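Letters A, B, ... are given to chains in the order of the sequence lines, protein chains preceding strands, and every chain is numbered from 1. Keep in mind the model is a prediction, meaning the values are calculated, not measured.
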Amino acid sequence: MVYAALFAAYGPRHWWPADSLFEVMVGAILTQNTAWSNVERALQRLRGLVSLDAEAILNLSTEQLADAIRPAGYFNVKAARLQEFCRSYLIAGGLNGLARLDTAALRRYLLAIKGIGPETADDMLLYAFERPVFVVDAYTRRLFQRLGHLSGNEGYEQIRSAFESALGADVVLFNEYHALIVNHAKAVCKTKPRCDQCCLSEHCAVSGQ
DNA sequence: TACCAGGAGAAAA
DNA sequence: TTTTCTCATGGT
C-alpha cells in the first residue's frame with residue numbers, strides 16, 4: 001500500500017502548517033500553483049502588515065494586499081481572490097457559520113466563491129473544517145500516474161471519489177495521506193531535480209508499491 | 001538563461 | 001464542450 005510505504009518512510013506529518021484555521025484557508029488560496037516556500041514568505045509579509053483575519057484583509061486596498069503577498073506570485077489575481085473569499089466568509093458568519101453547514105453544502109458554498117476551485121475548496125474542507133474530503137493535487141496525480149494507478153486523463157472528481165471510496169471517510173487518514181504525498185514529492189525533488197522521474201527510482205519510498 | 005512549481009477563470013476554438 | 005491562454009515570483 002502506498003500510504004503504508006510513505007508513512008514508514010516519513011512518519012506522521014501533522015498538517016497543515018498554520019497558526020489558525022483562517023490561516024489554513026488563506027494559505028490554501030496563496031499556494032495555488034505555487035511552491036509553499038513562497039507562500040510562507042507572503043504570509044510572513046502579510047502578518048507584518050495586519051492581523052490575519054477577514055476584516056483586516058478587507059480593510060486593505062487590493063493594491064496593498066497584492067504588494068504584501070507578492071512573493072506568492074500571481075499577486076494581483078490572488079489579492080482579488082483572497083478578498084472575495086473574505087467577503088463570502090464574513091457573509092456566511094465566519095468559521096462558526098460555515099462549520100454549521102454539512103460537508104456537501106459547505107463544499108458547494110466554497111466552490112461558488114470566485115477563485116476557489118476544487119483543490120482549494122478541498123484543502124479548506126479537510127485541513128480547516130476536518131471534513132473527510134480527499135485532496136487531489138498535482139503531486140497526487142503525478143505520483144499515482146507514475147505508479148500506474150492513473151492514466152492521466154481522469155478528472156478531479158473522478159480521482160477524488162476513487163480515493164474516498166477506497167479509503168472510507170477518514171479525516172485523519174486523508175490528512176496524513178495528502179501531507180505524506182506532498183512531503184514525498186519534496187523529498188524526491190531534493191534528491192532529483194525532476195519529480196516525474198523519481199517515483200520509480202531506487203531512492204523512492206514508494207517504488208514498486 | 002531557461003525552466004519549473006500544490007490552480008483557477010476567461011477567452012478562443 | 002473542450003482546449004488554450006493568462007496570471008508572476010523565487011529556486012535551481
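Side-chain atoms of A/Thr120 and A/Asp123 form no donor-acceptor pair, as typed in the model, at a separation below 3.5 Å.
Comment: A/Arg87 engages A/Glu84 in a salt bridge, judged by a side-chain N to carboxylate O separation of less than 4.0 angstrom.
Across the P atoms, B/dG6 and C/dT6 are found 22 Å apart, a figure rounded to whole Å. Spacing between B/dA11 and C/dA8 at atom P, rounded to whole Å, works out to 16 Å.
Atom-to-atom, OH of A/Tyr139 to C1' of B/dC4 comes out at 10 Å; the value is rounded to the nearest Å. To the nearest angstrom, P of B/dC4 lies 17 Å from CG of A/Asn38. Summarising the geometry, the separation between CH2 on A/Trp36 and C1' on C/dT9 is reported as 16 Å, rounded to the nearest angstrom. Rounded to an integer number of Å, the gap from CD1 of A/Ile159 to P of B/dG6 is 16 Å. Rounded to an integer number of Å, the gap from A/Gln44 CD to C/dG10 P is 13 Å. Whole-Å rounding puts the A/Arg45 CZ to C/dT9 P distance at 11 Å.
Checked options A/Phe163, A/Tyr10, A/Tyr177; the residue passing with A/Tyr3 is A/Tyr177 (criterion: ring pair (Phe, Tyr, Trp, His ring centres under 6.0 Å)).
Qualifying side-chain hydrogen bond (donor to acceptor under 3.5 Å, both in side chains) partners for A/Gln64, counting only residues two or more places apart in sequence or in other chains: A/Ser61.
Scanning both residues, A/Pro132 and A/Asp170, for their nearest heavy atoms gives CB-N, 4.0 Å.
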*Could you encode protein contacts along nucleotides 7-13 of chain B as a string, one character per nucleotide from 5' to 3', using B for base contact, S for sugar-phosphate-only contact and - for no contact, with a heavy-atom cut-off of under 4.0 Å?*
BBSS---
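Residue-level contact check: A/Asp123 touches the bases, meaning some heavy atom is under 4.0 Å from a base atom.
Contacts classified as side chain to side chain donor-acceptor pair (under 3.5 Å) and involving residues 95-107 of chain A (residues at least two apart or in different chains) are given here: A/Thr103-A/Arg131, A/Arg107-A/Asp122, A/Arg107-A/Glu157.
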